[in-house]
Structures are given as C-alpha cells and as structure tokens.
Amino acid sequence: MIAYADVKNSEEINTYIRQADVSLKEMGYTEHSFAHVTRCAELAGAWLLDLGRDDREAELARIAAYMHDIGNVINRYGHAQSGALIVFRLLEKLGMEPEDLAVVVTAVGNHDESSAHPVSAVAAAVILADKTDVRRSRVRNDDTASFDIHDRVNYAVTRADTALDAQARTLTLDLDVDSDICSVTDYFEIFLGRMVLCRRAAEFLGLKFRLVINGSILM
C-alpha cells in the first residue's frame, strides 16, 4: 500500500507542490506550500482517527490533504479538478490500488469552496483541515499598506486553534482577531463560503462546526 510517507518523500510530488506555491505567490495569494499542506495532512488524519475511523482511511486523508493544492501548478482557476487529475496520474504511477486512488482523487477534486461537496469522510476531513487554516504566518506581503482583504484577514488573526471534541461531537475554530487590522465583517466577507462548507463537512462526520471569534460564538 502507498503510505503518506511515500507521498511526502516523493521529490516529483514535492516539485509540483513547490511550483504551485511559487505561482500563487506571484499572483498575490497567501502561503500554500509545505507548511499548509503538512498541517492539513496531519489534522485530517488525526481527526478521523479520533472519530474512530480506521487507520487506512486516516492515511488516505493525509495523502489527499498533502496533495490537495497541487492543481495550482496549472492554474488557480479549477485547481481542485485539475489537481485531481494530476494526483490520479502521480499516485497511479506509484502503484496505488484503484480503491484507494478513487478515495484520494475524490477528496482532492472536492475541496474548493466554489464546487466542493463533502462526499466522503476523507473529503470532509480535507475540507475542514484546509478551510480552518487561518493564520498570520500565511501572509507573504511585507508591505502592510498594500494589503488586500485576504492579507488583512489572515494577518489580523493573532491566535488560531482548531479543536475536535469527539465526545461532544464538535469541531471548533477559535480565533483571536485584531479588530484594528480587520473587522469581523471583513472576515465573513471573505470566509463565509468556507465556513458554510465547514459546517456541511462537519455534519457529514456527525459533528457540529463552531466558529468562535474574540470569545463570541458566531456559528
């Protein structure tokens, strides 16, 4: 079986992830490189295990999350679908079994909020890990005066914790946001679609998604 370690140690796969992030940086997007995809992989796998899913499903979630943004190497537009095709080729080349490959490709193709659906536990875990990665360190623009709203929202987050309570059946994104940099209204202007998708993904897993900003429960 192809393992997460095989994927993470593949120089071919890492080359595409690296170049995808270079392209996004030139376009003014926040960090989508190894810090982001590794965090997503570790959280997606850990959450499924905490929810009692089997080890293989958690491993497939790690693989899908690690590779989910690889389609940006082609273009940001439609990157989930183009990424699914790239992932199919790369993992088939590594020898992944069709049953596992189908799960991973489906999750990668269903992670972008413009077209995503939590169609499986793996897809739901990838969505939640991806969309809750809001943090100041993802901002790459050093000129605060030229921040767009995406930069402002991420930079304003001074603390971000994502916690799964398997017993209470909740997944909570808890943020401290500097309101001098960004208002809560700005946050929702950018991330409302993502938060709604998180709620749907959490519901697929039998969870309630909670969003807490500056101590107030907003979802």
Side-chain angles (χ1 to χ4, degrees), residues 1-21 32-34 36-133 162 164 166 169 171 194 197-207 209:
M1 292 186 189
I2 301 302
Y4 171 50
D6 299 320
V7 171
K8 193 174 182 181
N9 293 328
S10 167
E11 186 53 37
E12 182 177 13
I13 290 171
N14 288 336
T15 296
Y16 297 136
I17 292 173
R18 192 178 297 114
Q19 181 56 51
D21 186 57
H32 284 70
S33 190
F34 298 109
H36 172 61
V37 300
T38 301
R39 176 190 183 277
C40 290
E42 292 174 353
L43 284 178
W47 288 339
L48 289 186
L49 290 176
D50 287 345
L51 291 172
R53 315 295 294 210
D54 64 53
D55 290 346
R56 187 57 185 162
E57 198 169 31
E59 190 77 342
L60 294 177
R62 294 185 191 98
I63 292 169
Y66 189 78
M67 301 181 76
H68 77 277
D69 271 335
I70 205 167
N72 288 300
V73 75
I74 294 177
N75 196 286
R76 180 64 177 173
Y77 180 76
H79 76 281
Q81 289 73 38
S82 59
L85 296 175
I86 295 170
V87 167
F88 180 89
R89 175 190 172 275
L90 291 171
L91 294 182
E92 185 181 48
K93 184 178 175 182
L94 284 177
M96 179 174 276
E97 293 293 328
E99 293 82 2
D100 288 349
L101 184 52
V103 172
V104 174
V105 168
T106 298
V108 173
N110 277 282
H111 83 272
D112 185 66
E113 61 265 28
S114 64
S115 58
H117 294 279
V119 294
S120 69
V122 169
V126 172
I127 287 168
L128 287 166
D130 180 35
K131 304 312 173 192
T132 59
D133 189 14
T162 309
L164 170 68
R169 307 301 293 182
L171 191 142
R194 299 182 191 185
L197 181 58
C198 282
R199 183 171 63 190
R200 289 166 52 204
E203 288 172 352
F204 187 97
L205 295 171
L207 302 170
F209 179 72

Requested in this report: Ignoring hydrogens and angles, tell me if any N or O in the side chain of Arg169 forms a donor-acceptor pair with the backbone of Gly206 under 3.5 Å.
Outcome: yes
Query - Contact check, side chains of Phe209 and Arg200, non-hydrogen atoms, under 4.5 Å - result: no
Query - Shortest non-hydrogen contact from Ala20 toward Ile70 - result: CB-O, 4.1 Å
Report summary line: Shortest non-hydrogen pair, Phe204 vs Ala121, comes out as CE2-N, 3.3 Å
Report summary line: In this structure, CZ of Arg56 is separated from CE of Met1 (nearest 0.5 Å) by 5.5 Å
Query raised in the report: About how many Å separate CG of Leu128 and CG of Leu197, when rounded to the nearest 0.5 Å?
Result: 8.0 Å
Query raised in the report: Roughly how far, to the nearest 0.5 Å, is the CD atom of Gln81 from the CD1 atom of Ile86?
Result: 11.5 Å
Query raised in the report: For the side chain to side chain donor-acceptor pair (under 3.5 Å) test, which of His111, His32, His68 pairs with His79?
Result: His111
Query - Gln19 atom CD, neighbour heavy-atom count above 12 within 6.0 Å - result: yes
Report task. Identify whether the distance between the nearest side-chain nitrogen and carboxylate oxygen of Glu12 and Arg89 falls below 4.0 Å. Result -> yes
Requested in this report: Say whether, by atom type as modelled, one donor and one acceptor occur between the side chain of Asp6 and the main chain of Ala3 under 3.5 angstrom.
Outcome: yes
Requested in this report: Could you pull out the closest heavy-atom pair between Ala64 and Ala107, with the gap in Å?
Outcome: CB-CB, 3.9 Å
**Report entry** Where Ala61 and Leu48 come nearest, the two heavy atoms and their spacing
**Finding:** CB-CD1, 3.6 Å
**Report entry** Salt-bridge contact Arg62-Glu59 (side-chain N to carboxylate O under 4.0 Å)
**Finding:** yes
Query - Verdict with reasoning, Met67 to Leu90, per side-chain contact (heavy atoms from CB on, under 4.5 Å) - result: CA-CA 10 Å; Met67 301 181 76; Leu90 291 171; 4.0 Å; yes
Query raised in the report: Checking side-chain contact (heavy atoms from CB on, under 4.5 Å) for the pair Asp69/Ile17: CA distance, chi angles, key distance, verdict?
Result: CA-CA 7 Å; Asp69 271 335; Ile17 292 173; over 6 Å; no
Query raised in the report: Hey, is the main chain of Lys8 close enough, under 3.5 Å, to the side chain of Asn14 for a donor-acceptor pair?
Result: yes
Report summary line: When every non-hydrogen atom of Ala129 is compared with those of Trp47, the smallest separation belongs to N-CZ3, 3.5 Å
Query raised in the report: Does Arg194 reach the side chain of Thr132, with side-chain heavy atoms less than 4.5 Å apart?
Result: no
Query raised in the report: When rounded to the nearest 0.5 angstrom, what is the spacing between CG in Leu171 and OG1 in Thr162?
Result: 6.5 Å
Requested in this report: Applying side-chain contact (heavy atoms from CB on, under 4.5 Å) between Ile63 and each of Val122, Val104, Val108, report the one that passes.
Outcome: Val104
Query raised in the report: Between Ala124 and Ala201, which heavy-atom pair has the shortest distance, and what is it?
Result: CB-O, 3.6 Å
Query - Spacing of Tyr16 atom OH and Ile74 atom CD1 [to the nearest 0.5 Å] - result: 10.0 Å
**Report entry** Student check: side-chain heavy atoms of Met96 and Val87 closer than 4.5 Å
**Finding:** no
Query raised in the report: Side chains of Ser82 and Asn75: does their closest heavy-atom pair fall under 4.5 Å?
Result: no
Query raised in the report: Is there a side-chain contact between Asp112 and Tyr77, using heavy atoms and a 4.5 Å cut-off?
Result: no
Requested in this report: Enter the distance from Leu91:CG to Leu101:CG here, rounded to the nearest 0.5 Å.
Outcome: 6.0 Å
Query raised in the report: Does any N or O in the side chain of Asn9 come within less than 3.5 Å of the main-chain N or O of Ala5, such that one atom is a donor and the other an acceptor?
Result: yes
Query raised in the report: Taking it one step at a time, do Leu164 and Leu43 satisfy side-chain contact (heavy atoms from CB on, under 4.5 Å)?
Result: CA-CA 10 Å; Leu164 170 68; Leu43 284 178; over 6 Å; no
Query raised in the report: Going through the distances and angles, do Asp100 and Ile2 end up as a side-chain contact (heavy atoms from CB on, under 4.5 Å)?
Result: CA-CA 9 Å; Asp100 288 349; Ile2 301 302; over 6 Å; no
